[in-house]
Amino acid sequence: MPRPIEALVHADALAANLAVARGAVAGARVWAVVKANAYGHGIGNVYAALKGADGFALLDPAEAELLRDLGWRGPILLLEGCFGPRDLDTCSRLNLWHTVHHEAQIDWLAAHKTGQPQHVFLKCNSGMNRLGFAPAAYRGAWLRLDALPQVRGITLMTHLANADALDPASIDASLAAFEAATAELPGERSICNSAAALRFGARLAASAGDWVRPGILLYGSSPDYPAHSADDWGLAPTMSLRAEVIAVQTLAAGASVGYGSSFTAPQEMRIGVVACGYADGYPRVAPGGNERGAPVLLDGVRTRIVGRVSMDMITVDLTPVPEAQVGSVATLWGVADNGAVLSIDEVAHAAGTVGYELMCARAPRVPVRVVGLR
Ligand SMILES: *Cc1c(COP(=O)(O)O)cnc(C)c1O
């Protein structure tokens, strides 16, 4: 019998979340962002559910090739563009659109020999200060690209640094910088990630609604948790991480559990040992001390982690689930068989991180089973 752990990918939830993305910015075409192996879900596992998108956006040319192998003939966008001049051959061969965020990428294009010109997304640095041309240099880059025979179209793009912030004016400075940089330049625009689409979609529909780039919302996690939950945004969980109880222990009052003895039983209690640890992607920093334990569902009943997360195991309090035994199912996040939901955002928050990190960390040793659609 294989180790009793698996990640379920809920295809119907992916499709429903894609519909939320579509509704968020009226009239916009939707890139389904599937970088990082579809945020840990597996590109091959989400493809069927997300192929109603207008295109797929990712970073890795090898993942783009996988999408072509799966049969996708529509647009694919490389969000970080080419990493070297040879990637332009891949773009030509696979018909990929690519981001241009740096002068060197224009040099490579100018030297690229191809039969067919390429579509590029020209990235403006509107305050994130990672990738993109400064607003003052943006127009010059656009003119340079526009003059190249290797280029057949330029979409104007930026990525917002603060779309998920509490302040409703959080994107104003970035938007103003982008609008100044792109004033009077023709072409479609692409601005919104999940947070911007959900929070500002109505406002941005007119100015920037050509292409939106949702990632995290497709995977049923709220980009601005805890201000808003996935439920608040109408998003359904797309990944359920489940593992079985492989041992039950009874702790005497005063006994402790796990490395470092970080939890001590206040009275006699049963605990379940679950076949999931940090080597599976469950965060080691999730709390399990006496004062606070990260939430977990055991046979669909809410309980908490006790003791330290180790490489292959976690230990959970069975007090609320007296009938639990070896073979009982822990849902570390997602949906339990009885329909109870434990939001990945809540688990992430307990561990001091975000849902993005947990889903992306799903380890290769955790097999995925697609359920629902397909
Ligand atoms: C990852 C990424 C996105 C998607 O971001 P989410 O917060 O997951 O919606 C959009 N645009 C760019 C440029 C990205 O790198």
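First listed ligand is number 1; within each ligand, the first listed atom is number 1. Reckoned from all heavy atoms, side chains included, excluding hydrogens, waters and symmetry mates.
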Rounded distance (nearest 0.5 Å) linking atom SG of C91 with atom CD of Q150: 13.0 Å

List, for ligand 1, each N/O atom that has a protein N/O partner under 3.5 Å away, with both atom names and the distance.
unit_1: ligand 1; atom_1: 7 (O); unit_2: Y356; atom_2: OH; d: 2.6
unit_1: ligand 1; atom_1: 8 (O); unit_2: Y39; atom_2: OH; d: 2.5
unit_1: ligand 1; atom_1: 8 (O); unit_2: I216; atom_2: N; d: 2.8
unit_1: ligand 1; atom_1: 9 (O); unit_2: S194; atom_2: N; d: 2.8
unit_1: ligand 1; atom_1: 9 (O); unit_2: S194; atom_2: OG; d: 2.5
unit_1: ligand 1; atom_1: 9 (O); unit_2: G215; atom_2: N; d: 2.9
unit_1: ligand 1; atom_1: 11 (N); unit_2: R213; atom_2: NE; d: 2.9
unit_1: ligand 1; atom_1: 15 (O); unit_2: K35; atom_2: NZ; d: 2.7

Transitive ILVMFWY cluster of L204, excluding itself - 4.5 Å side-chain cut-off: L88, V100, I106, W108, L109, V120, L122, F133, Y138, W142, L143, L145, L148, V151, I154, L156, L160, I171, L175, F178, L185, I191, F200

Enclosure of E244 CD (heavy-atom neighbours >12, cutoff 6.0 Å): yes

Show me the donor-acceptor pairs within less than 3.5 Å that the side chains of residues 18-33 make with the rest of the protein, sequence neighbours left out.
unit_1: R22; atom_1: NH1; unit_2: D54; atom_2: OD2; d: 3.0
unit_1: R22; atom_1: NH2; unit_2: G52; atom_2: O; d: 2.8
unit_1: R22; atom_1: NH2; unit_2: D54; atom_2: OD2; d: 3.1
unit_1: R29; atom_1: NH2; unit_2: E188; atom_2: OE1; d: 3.0
unit_1: R29; atom_1: NH2; unit_2: E188; atom_2: OE2; d: 2.4

Contact check, side chains of R93 and E65, non-hydrogen atoms, under 4.5 Å: yes

Any pair counted as side chain to side chain donor-acceptor pair (under 3.5 Å), so long as it reaches residues 274-303, sequence neighbours left out: R3-D280, D280-R365, D299-S328, R302-E346

